[in-house]
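Below: one structure, written as structure tokens.
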Amino acid sequence: MPGVGRVLLRRAIALGIALVLIVSLTAIIMEGTGYSIRVLKAIIDSSVRAYYQQLRQRPQAINQTELERLVSEYRSKLEEIYGINKPWYVRAGRLIWTILSFDFSYTYSDEVASVAGLQAPVPVSTVIIACLPRTIVMLTIAQLIVVMIALLFAPVIAYKHGSLLDRAVVTYAALFNAIPVWWLGMVFIQLFSFSLGIFPNTGRPIIAYINRFWQDPLTNLMKIAYHAALPIITIVIAFLGSWFYSIRAMVLRVVREDFVMVAKAKGLPDRLISRRYILRVVAPPVTTSVILSLAYSIGGFIITESVFDWPGMGSLYYAAIMSADVATVLALTYVTTAVYVLARFILEVLYIYLDPRVRLG
Amino acid sequence: MTQTVRPYEVTFKQKFMQKLRELKGVLREVWGYGTGRAGLILLAVLISVSIYAALTMPPNFVDNYWDNLAVLVENPDVVPPEWTKYFGLPYAPHVAVIKDEPDEAQYLARLYTVQANYTLKYTLEHSVFPKGILVRLRGILIDSQRMQGPRYKLFLKRPDGITLLLVKDVIQITSNTSLVNSRVYTGSYCDILLTEQKLNYMDILRYLIIKYADKEGILYQNETTGQYYVKLISADGEEYNVDLGTAISLLKKEITLNPNNYIFGDIVDMKPMFESTAEGGYKLSGIQVLTRPLTGEYELTLELDYIGIMTHIDAKNYMERPVLETKMIVKGTVFGIMGTDSEGHDLALGLLYGFPVAMSIGLVVAVITSMIGLLVGTVSGYYGGVVDEVVQRIIDVMGNIPLLPILILLANIVVALFPNNPVLILLTILLILVVFGWGGLAIITRSMTLSIKEEPYIEAAKALGSGNRRILFKHIVPQIIPYIVANMVFSVPNAILTEAGLSVIGIRHGLPTWGAILASANTPQTRAVAMRSWWWIIPPGLLISITSLAFVLLGMALEKIVEPRFRTA
């Protein structure tokens with residue numbers, strides 16, 4: 001199959017270019033609009049002020065002109081270090097180059113570090129590695145649960161389209177398509193955490209449980225499950241509807257196809273029809289949804305995590321954006337996009353097995 | 001004279017009528033589905049409320065009303081809607097009265113003083129403390145000869161018969177004045193509040209403590225000095241004598257922090273608290289006080305005194321209308337139709353004016369996005385080649401972007417770039433939503449174009465000499481439009497939910513939106529309070545959901561019409 005190899009290579013190159021473009025675009029947005037420079041200027045101003053105070057307090061007196069010379073020298077030195085004396089495209093270019101060569105540098109933002117539960121100057125990679133498992137234990141697991149329930153029941157429901165159960169599911173889907181998951185989260189927190197006191201109202205404690213997980217795995221696992229339970233329940237309830245609906249729609253499209261009618265007319269058993277005639281056709285789009293949603297969940301849900309006070313990737317992203325921490329924003333964009341792009345590529349490979357049209361051209 | 005109808009008018013009219021008939025047909029078909037009917041009804045309600053809100057929204061609503069501190073201070077904070085009282089929960093009513101003229105005015109000739117009284121009656125039925133007192137004087141008559149304002153005293157007559165002097169002061173005159181009926185009034189307003197500096201805490205506490213001690217029989221008088229003291233029993237059962245002055249000074253902080261719990265109540269328990277001293281002994285460190293609301297009829301009276309008025313003729317001038325508008329407010333524990341948040345926002349207003357904003361965001365973004373998607377998709381599918389390749393790559397890149405973070409980043413930058421320009425910020429956010437929103441639709445229209453383009457009638461049209469543009473817009477686009485409409489309706493909630501989401505995590509464009517109300521409930525400072533206040537969380541989210549639901553239902557009905565395979569019933 002030489003054709004397949006070429007197709008994959010072309011896709012790999014296209015996805016790679018997309019990744020580079022997205023990272024570059026983010027860097028250009030941040031540098032070109034002067035978004036990054038505001039924060040750097042504030043940092044430089046405060047260190048220059050500190051330096052000035054330090055000079056003033058020296059035992060031997062320095063005269064005013066000498067003092068000003070030293071201060072302005074120090075300022076230009078700092079500007080050189082932070083690179084804000086360069087035009088924005090030079091800074092953006094340097095930024096893109098370092099990030100693409102996997103040099104994630106440091107974050108100096110206290111907000112970003114505190115999301116990870118660490119102290120300020122800390123490598124960005126450390127911060128990301130600290131937050132990633134927290135998002136996985138909540139979001140990715142929730143997505144997995146949703147996907148499993150949907151895959152188990154949606155085809156059955158679609159097959160019995162028009163039944164009472166089917167209508168109930170469609171109503172449920174319509175309802176929860178309209179309800180934002182983060183609001184459902186707020187309502188559940190109000191009800192189950194604050195009013196009834198069944199679940200905790202913050203996800204912060206899991207930082208400790210995950211950090212010292214191996215000291216007492218069983219207890220820590222229970223504690224993590226206890227804290228993740230409400231967010232997971234919320235996400236499952238909120239997302240299940242649209243999953244049911246979309247898988248049902250995919251199956252419905254096929255169920256009405258002529259070849260399925262023929263199979264039915266031939267008197268083939270339902271089980272065989274669904275396995276051999278429907279599943280084959282539905283597999284590629286369903287696989288796409290499943291893999292992409294799992295990949296997407298790794299990047300964190302900013303709003304939902306903020307509502308649940310969950311210190312995961314989404315909260316990290318948010319803290320980085322809000323404190324204009326360019327290094328972290330770019331690193332997160334790079335990582336989440338890379339995971340997503342990788343998932344797309346894995347899908348391309350899977351299509352070869354799932355869809356004969358790709359294989360045989 | 002006979003009117004001749006020009007032919008093109010006829011055709012236009014006919015065409016218009018035909019389109020109208022088609023629309024009617026589609027609507028009837030949509031109406032035929034249960035989901036469609038529900039969606040249409042909801043949509044009609046939403047649109048009417050939006051139009052009503054848009055027409056009645058006062059100009060500069062946010063600055064003049066929503067975020068105007070002068071308005072916010074009139075409202076109690078974090079209280080449920082007024083109608084919750086019908087569920088039998090105890091409450092203190094909210095009473096606000098505006099008066100043009102004093103209820104009573106007299107000239108005390110011996111004191112050369114004009115005295116004007118404004119009175120508000122207030123009934124407290126349940127054992128709940130009201131949330132506060134505010135008297136707002138807008139336009140105060142100035143004694144123009146001496147260039148000074150009146151003195152004021154604010155009294156509260158309690159159900160137990162006693163009248164407490166709450167605050168007294170002189171009204172400061174501001175420089176800007178206005179002339180009404182050839183009298184000089186201050187231009188701005190003056191708020192009388194129970195502030196820490198002004199509260200007459202000594203007399204209030206003295207009265208309350210004596211009342212409590214007298215009832216409990218623990219009030220004594222020092223025979224040599226004549227001073228009163230009370231015999232308090234500490235938590236360990238030890239007796240301790242506290243003289244009245246000490247008790248008052250120990251309770252000062254407590255009462256100035258929360259005056260309502262004292263002026264509207266009675267002390268029911270006092271316990272001394274001790275701390276150990278360096279010498280090993282104990283000393284009194286504070287008094288723990290428990291107060292309980294006093295139910296019954298209250299009377300809040302504002303007394304204005306103009307001093308130095310020499311003649312009856314002069315006095316008449318002051319007695320008639322010393323203040324243009326006097327607003328007397330006793331803040332209750334229920335307020336308005338939808339309650340308030342922690343800053344005192346009247347949530348009903350925010351919810352109402354959120355309607356047009358949400359609807360226009362959803363519709364504008366959905367329509368523009370769909371049009372771009374339609375155009376790009378058909379052009380790219382029809383022409384193919386380099387155009388197609390470029391479009392495909394662009395969509396590819398957009399499809400891989402972590403959308404929400406980039407949206408937040410851009411919105412953040414926009415907010416910083418155009419501060420204090422809500423409309424421009426909102427428009428830019430809409431633009432961002434459009435720019436990142438058309439990709440998915442373009443993919444669908446492209447693939448549909450690809451298959452339509454191969455149909456024989458397109459070939460026929462080509463053979464007849466139709467140009468590309470004619471084929472595109474006469475033969476291809478009309479076929480795709482039904483799908484686009486269904487898709488567009490489905491994408492309205494997307495825009496609404498995304499905008500609400502952006503508001504929730506703090507991207508403020510400054511217009512009142514449902515998302516912004518939820519955002520104020522999710523800050524670290526308000527979270528603990530807000531999560532116990534259902535009226536703050538449930539209504540805005542419910543409105544977001546209902547608006548989205550209308551479009552989801554409509555979209556489902558349209559989907560069934562354009563995609564017959566979905567018809568299940």
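So you know, we letter chains A, B, ... as the sequences are listed, proteins then strands, and number each from 1.
- Interface remark: B:A500 contributes backbone and side-chain atoms alike to the contact with chain A (heavy atom separation under 4.5 Å).
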Start with the C-alpha gap between A:S306 and B:N522, add the side-chain angles, then the distance that decides, and say whether side chain to side chain contact (heavy atoms under 4.5 Å, CB included) holds.
CA-CA 8 Å; A:S306 131; B:N522 196 37; 3.1 Å; yes

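- For chain B, no part of A:S195 is nearby; none of its heavy atoms comes within less than 4.5 Å.
- The residue among A:L21, A:L292, A:T33 with the most heavy atom pairs within less than 4.5 Å of chain B is A:T33.
- At a 4.5 Å heavy-atom cutoff, A:F188 makes no contact with chain B through either its backbone or its side chain.
- Between chain A and the residues B:N412, B:N400, B:I538, B:L549, the largest count of heavy-atom pairs under 4.5 Å involves B:N400.
- Between B:P402 and A:I22, the closest side-chain pair of non-hydrogen atoms falls below 4.5 Å.
- Interatomic distance, B:L404 CG to A:Y296 OH, rounded to the nearest 0.5 Å: 6.0 Å.
- The main-chain N or O of A:V307 is found under 3.5 Å from a side-chain atom of B:R527 such that the two form a donor-acceptor pair.
- The shortest distance between side-chain heavy atoms of A:I29 and B:L410 falls below 4.5 Å.
- Environment of CG in A:L196: crowded, with over 12 heavy atoms of neighbouring residues, nucleotides or ligands closer than 6.0 Å.
- With rounding to the nearest 0.5 angstrom, the CD1 atom of B:I401 is 8.0 Å from the OG1 atom of A:T337.
- Using modelled atom types, one side-chain atom of A:Q190 and one backbone atom of B:S533 make a donor-acceptor pair closer than 3.5 Å.
- Atom CG of B:D396 sits about 4.5 Å away from atom CZ of A:R11, to the nearest 0.5 Å.
- When side chains are defined from C-beta on, B:S548 does not count as touching A:N177, because their heavy atoms never get closer than 4.5 Å.
- With a 4.5 Å cut-off on side-chain heavy atoms, A:V187 and B:W534 do not count as touching.
- Between B:L518 atom CG and A:I303 atom CD1 the span is 11.0 Å, to the nearest 0.5 Å.
- Among the candidates A:S163, A:A174, A:S193, the residue making the largest number of heavy-atom pairs closer than 4.5 Å to chain B is A:A174.
- Remark: the backbone N or O of B:I544 is not paired with any side-chain donor or acceptor of A:W183 at under 3.5 angstrom.
- In this structure, A:I189 CD1 and B:R532 CZ are separated by 12.5 Å, a value rounded to the nearest 0.5 Å.
- The stretch residues 312-321 of chain A places A:Y317, A:Y318, A:I321 near chain B, each with some heavy atom under 4.5 Å from a heavy atom of that chain.
- Considering only heavy atoms from C-beta on, B:P405 stays 4.5 Å or farther from A:T333 through its side chain.
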Pair B:M531, A:N201 - check side chain to side chain contact (heavy atoms under 4.5 Å, CB included), show working.
CA-CA 10 Å; B:M531 290 300 170; A:N201 61 51; over 6 Å; no

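- The two residues A:Y35 and B:I413 make their nearest non-hydrogen contact at CD1-CG1, 3.6 Å.
- Residue A:V255: no heavy atom, backbone or side chain, is found under 4.5 Å from chain B.
- If you measure heavy-atom distances from A:L175 to chain B, the contacts under 4.5 Å come from both the backbone and the side chain.
- Heavy-atom contacts from other residues, nucleotides or ligands closer than 6.0 Å to CZ of B:R393 number more than 12.
- Summarising the geometry, atom CD1 belonging to B:I406 is positioned 4.0 Å from atom OG1 belonging to A:T26; distances are rounded to the nearest 0.5 Å.
- Across B:I546, B:N494, B:V504, the residue that shares the most heavy-atom pairs under 4.5 angstrom with chain A is B:V504.
- Contact count against chain A (heavy-atom pairs under 4.5 Å) is highest for B:I537 among B:I537, B:V552, B:L497.
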